[in-house]
Amino acid sequence: MRNMFCFVLVLVATFNVWARPTFAKKGLVVSCSALASQVGADILKQGGNVADAAVATAFALSVTTPYYASLGGGGFLLIRINGKVEALDYRERAPQKSTREMFLGKPENASTVGGLAVCTPGNVKGLFELHKKYGKLPWTKLVLPAQKLAAQGFPVTEEFARMINENVKDFSPGGKKYFTHKGTPLEVGEIFKQPQLARALNIIMRKGASGFYSGEIAADIVDAVKSTGGIMTGDDLTQYKVRWMEPLHAKVFDSEIYSMPPPSSGGALLLSELKISEKVKLGELKAYSLTEYHSMAEIMSRAFFDRQYIADPQFSKFDVSTLFSAERVSKLSETVHKNKKSIIKKQDFEIHEGTNTTHYVVADGNGNTVTATTTVNTEYGSGVFTEKFGINLNNEMDDFTTQPGKANTFGLTQSEINTVAPFKTPLSSMTPTIVEKNGQLFLSLGAPGGPRIINAVYQTIYHALHTNLNLDEIIQMPRVHHQYNPDKIMYDRTLSTEIVEGLHKLGHAVYEGNVARVYAVRVNSDGKLEGAFDSRGEGGIAGY
């Protein structure tokens, strides 16, 4: 009976991809997994708050979508509770033995596959500290649903099976042992159990974060990293710390926007894009028209030019508020023309100083919300799995400037200030964001997708503020992406041929791609919570 219930949830999630947005009054959870969303909603029903529901959802995601949300990853989140917004950085950090030159002379994939690619994971510590500061229900109650999911199993989805099949060639022995049948791929619909992960979750449930960062789980992680060529030690795990931070904030389009500060580039670039949009009067253009898509791409490229100045704030003293200041916005806005492509000269705008990922949103009827992005970087991260507990480990070292002058997995050529250093956090594009209108929560959202995250969040916020479409319609509409280098526009396959040809005639090089996947909750004028997730990937919504 239990297995049948899980299967129905997956069917509902698939149907919701093409349905209207989901509404709720008291609480709503949106994620890439119907099972995980239901776990979070159940916690809200049991009297938990948004922090409790976020913790429970995240642990469930580590079971149902380990290729995105493994315990061996990290992330960023924003929480709005009792009207106050805070940011939490629990991103992965470089091991203490890391050096600037550690990837020079190594194989080209050394920063993406194998133990050398692994940063110290932050997921468990981040969730533990979120609960410690804001949680209401007991910690054990929040981890237990994920532990049961791992032990009892769940139906393999198409995405789950496909992710394994596409990445198994890079799996360490632990991955092949636990995620295949002695080399035979998993089948869609079969019940997949992870008793080894259930044991790890049981330890975390009883011992909290210390159960992950010391003891047998920590030893399992270090052994897996070292056996695949890595440099992580037990000290890296025991010394790991999260950072509570002030979010970046600006008033744009009569709304208060809160987003993630460095070591994410997302918040600064998002606020720059929104402020340039306001300055050039983008609202005068017809929504989803050729001129609007063109203008947005021009705005994106200007904002992304400034990504080169952002790095871990503990290693860089640059004030990122400069990037969305009135002076900077005015200068960049002058180069945006609504009817032609303009090339900006690098020397005129330089400032001289003095894949895979997922997202989930929890919101309640009182204006409280958690919007969190968690990642292992690319699908199944480094491909390294621990032998005892089958925990998949990230490959976040690739988000550093590992090979100066060369692009990383996401096509980004990183700047010198993002080079590797011990305990340093790699630059990210994760952009969990909260929007307020008239002092009330209006929108809580985020996305996975590397640098495309920023532009997907930008377009969703802009259209939520400037159209009368429902949230599902906004999220499903075609999007574009420009990241300055390369000087090309990526467009969704659903963008009309007329607009694609129009962009080309305006001088843009264009190519088809997938512009991230957005997960969001909006508070409507009647106070109802409206949730939606992207048809570009799997997802599920649960609420009451």
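Small disclaimer: the values here were computed from a predicted structure and weren't measured.
- Residues Arg307 and Ser429 share a closest heavy-atom pair of NH2-OG, 3.1 Å.
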(request) Apply the test side-chain hydrogen bond (donor to acceptor under 3.5 Å, both in side chains) to residues Thr233 and Asp236: give CA-CA distance (whole Å), side-chain angles for both, the deciding distance (0.1 Å), then the verdict. (result) CA-CA 5 Å; Thr233 67; Asp236 289 311; 3.3 Å; yes
(request) Give the C-alpha distance, both sets of side-chain angles, the deciding distance and a yes or no for side-chain hydrogen bond (donor to acceptor under 3.5 Å, both in side chains) between Asn123 and Thr374. (result) CA-CA 8 Å; Asn123 260 343; Thr374 183; 3.0 Å; yes
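- Residues Val521 and Leu445 fail the side-chain proximity criterion, which asks for heavy atoms closer than 4.5 Å.
- Here the side chains of Gln194 and Val63 are in contact, with some heavy-atom distance below 4.5 Å.
- A donor-acceptor pair under 3.5 Å links the side-chain atoms of Gln459 to the main chain of Val480, judged by distance alone.
- Salt bridge Arg522/Glu530: present, at least one basic N to carboxylate O contact under 4.0 Å.
- Take Glu86 and apply the salt bridge (Lys or Arg N to Asp or Glu O under 4.0 Å) test, not counting sequence neighbours, and it matches Lys133.
- Panel note: side chain Trp139, backbone Ile204; a donor-acceptor pair is recorded below 3.5 Å.
- A 4.5 Å side-chain heavy-atom check between Val55 and Leu130 finds at least one atom pair inside the cut-off.
- Ile453 and Gly449 make their closest contact through CG1-N, 3.3 Å (heavy atoms, listed as atom of the first residue, atom of the second, distance).
- Between Thr228 and Val113 there is no side-chain heavy-atom pair separated by less than 4.5 Å.
- You'll find the ring centres of Phe389 and Tyr178 outside the 6.0 Å limit.
- Although no hydrogens or angles enter the test, the distance criterion places no donor-acceptor pair under 3.5 Å between the side chain of Ser444 and the main chain of Thr369.
- Residues Met102 and Ile231 are in side-chain contact: their nearest non-hydrogen atoms beyond the backbone lie under 4.5 Å apart.
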(message) Run Thr358 and Arg517 through side-chain hydrogen bond (donor to acceptor under 3.5 Å, both in side chains) and show every step you take.
(response) CA-CA 8 Å; Thr358 193; Arg517 302 184 302 278; 5.3 Å; no
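- Interatomic distance, CE of Met430 versus CG of Leu77, reported as 10.5 Å (0.5 Å rounding).
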(request) Take Lys241 and Asp89 through the test salt bridge (Lys or Arg N to Asp or Glu O under 4.0 Å) and record every step on the way to the result. (result) CA-CA 9 Å; Lys241 291 181 174 62; Asp89 165 17; over 6 Å; no
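- Taking the ring centroids of Phe192 and Phe179, they lie under the 6.0 Å cut-off.
- Between Tyr90 and Phe76, the distance separating the two ring centers is not shorter than 6.0 angstrom.
- For the pair Leu44/Val362, a side-chain contact is recorded, criterion being any heavy-atom separation below 4.5 Å from C-beta on.
- You'll find the side chain of Met397 stays beyond 4.5 Å of the side chain of Leu116, heavy atoms only.
- Note that CG of Leu201 and CD1 of Ile203 are 9.5 Å apart. Values are rounded to the nearest 0.5 Å.
- The main-chain N or O of Met163 is never found under 3.5 Å from a side-chain atom of Glu166 such that the two would form a donor-acceptor pair.
- Between the side chains of Arg91 and Thr375, no donor-acceptor pair is found at a separation under 3.5 Å.
- Remark: the backbone N or O of Tyr240 is paired with a side-chain donor or acceptor of Lys125 at under 3.5 angstrom.
- Between Asp492 and Arg536 there is a salt bridge, since at least one side-chain N of the basic residue sits less than 4.0 Å from a carboxylate O of the acidic one.
- One finds no salt bridge joining Arg93 and Glu396 here, because no Lys/Arg side-chain nitrogen approaches an Asp/Glu carboxylate oxygen to under 4.0 Å.
- Within the 4.5 Å cutoff, the side chain of Tyr491 has no heavy atoms near those of the His482 side chain.
- His131 contributes a side-chain N or O that, together with a main-chain N or O of Leu137, makes up a donor-acceptor pair within less than 3.5 Å.
- Across Ser62 and Leu197, no two heavy atoms sit closer than the pair O-CD2, 4.0 Å.
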(request) Just do the ring-ring contact (aromatic ring centres under 6.0 Å, His included) check on Tyr380 and Phe385 with the steps written out, would you? (result) CA-CA 9 Å; Tyr380 281 110; Phe385 292 75; 5.7 Å; yes
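- A donor-acceptor contact closer than 3.5 angstrom is absent between the side chains of Gln147 and Asn202.
- Smallest separation of non-hydrogen atoms from Thr373 and Thr431: OG1-N, 4.4 Å.
- Taking both residues in full, the closest heavy atoms of Thr371 and Pro432 are given as O-CB, 3.3 Å, listed atom of the first, atom of the second, then distance.
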(request) Would you please test Glu512 and Met490 for side chain to side chain contact (heavy atoms under 4.5 Å, CB included) and show each step? (result) CA-CA 5 Å; Glu512 185 181 310; Met490 175 190 287; over 6 Å; no
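- Residue Lys25 qualifies as open at atom NZ: its count of foreign heavy atoms under 6.0 Å is 12 or below.
- To the nearest 0.5 Å, atom CZ of residue Phe103 and atom CD of residue Glu108 are 13.0 Å apart.
- Ion pairing of Asp42 with Lys141 is absent here, as no side-chain N (NZ or NE/NH1/NH2) approaches a carboxylate O to less than 4.0 Å.
- Scanning for side chain to side chain contact (heavy atoms under 4.5 Å, CB included) contacts around Val523 gives Leu441, Leu529, with sequence neighbours left out.
- From Phe400, atom CZ reaches atom OG of Ser98 across 7.0 Å, with rounding to the nearest 0.5 Å.
- A donor-acceptor pair under 3.5 Å is absent between the side-chain atoms of Thr65 and the main chain of Tyr67, judged by distance alone.
- Residue Glu129 comes nearest to Val242 through the heavy atom pair CG-CG2, 3.6 Å, listed as atom of the first residue, atom of the second, then distance.
- A salt bridge links Arg479 with Asp534; the closest basic N to acidic carboxylate O contact falls under 4.0 Å.
- Listed by chain and number, the residues in a side chain to side chain contact (heavy atoms under 4.5 Å, CB included) with Glu387 are Pro173, Lys177, Asp220 (sequence neighbours excluded).
- A donor-acceptor pair shorter than 3.5 Å can be found between the side chains of Asp398 and Ser111.
- Counting non-hydrogen atoms of other residues, nucleotides and ligands closer than 6.0 Å to NZ of Lys176 gives a total above 12.
- Not one N or O on the side chain of Arg206 forms a donor-acceptor pair closer than 3.5 Å with the backbone of Gly211.
- Annotation: the span from Lys45 atom NZ to Ile43 atom CD1 amounts to 11.5 Å, rounded to 0.5 Å.
- Side-chain atoms of Glu473 come within 3.5 Å of backbone atoms of Asn470 as a donor-acceptor pair (strictly under, hydrogens ignored).
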(request) For side-chain hydrogen bond (donor to acceptor under 3.5 Å, both in side chains), just list the numbers for Thr120 and Glu92, CA-CA rounded to whole Å, side-chain angles, deciding distance to a tenth of an Å, and then say yes or no. (result) CA-CA 5 Å; Thr120 308; Glu92 304 90 335; over 6 Å; no
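- When atom types are taken as modelled, the side chain of Ser265 and the backbone of Ser428 share a donor-acceptor pair closer than 3.5 angstrom.
- Atom CD of Glu216 and atom OG1 of Thr386 lie 11.0 Å apart (nearest 0.5 Å).
- Residues Gln483 and His481 bring a donor and an acceptor atom of their side chains to less than 3.5 Å of each other.
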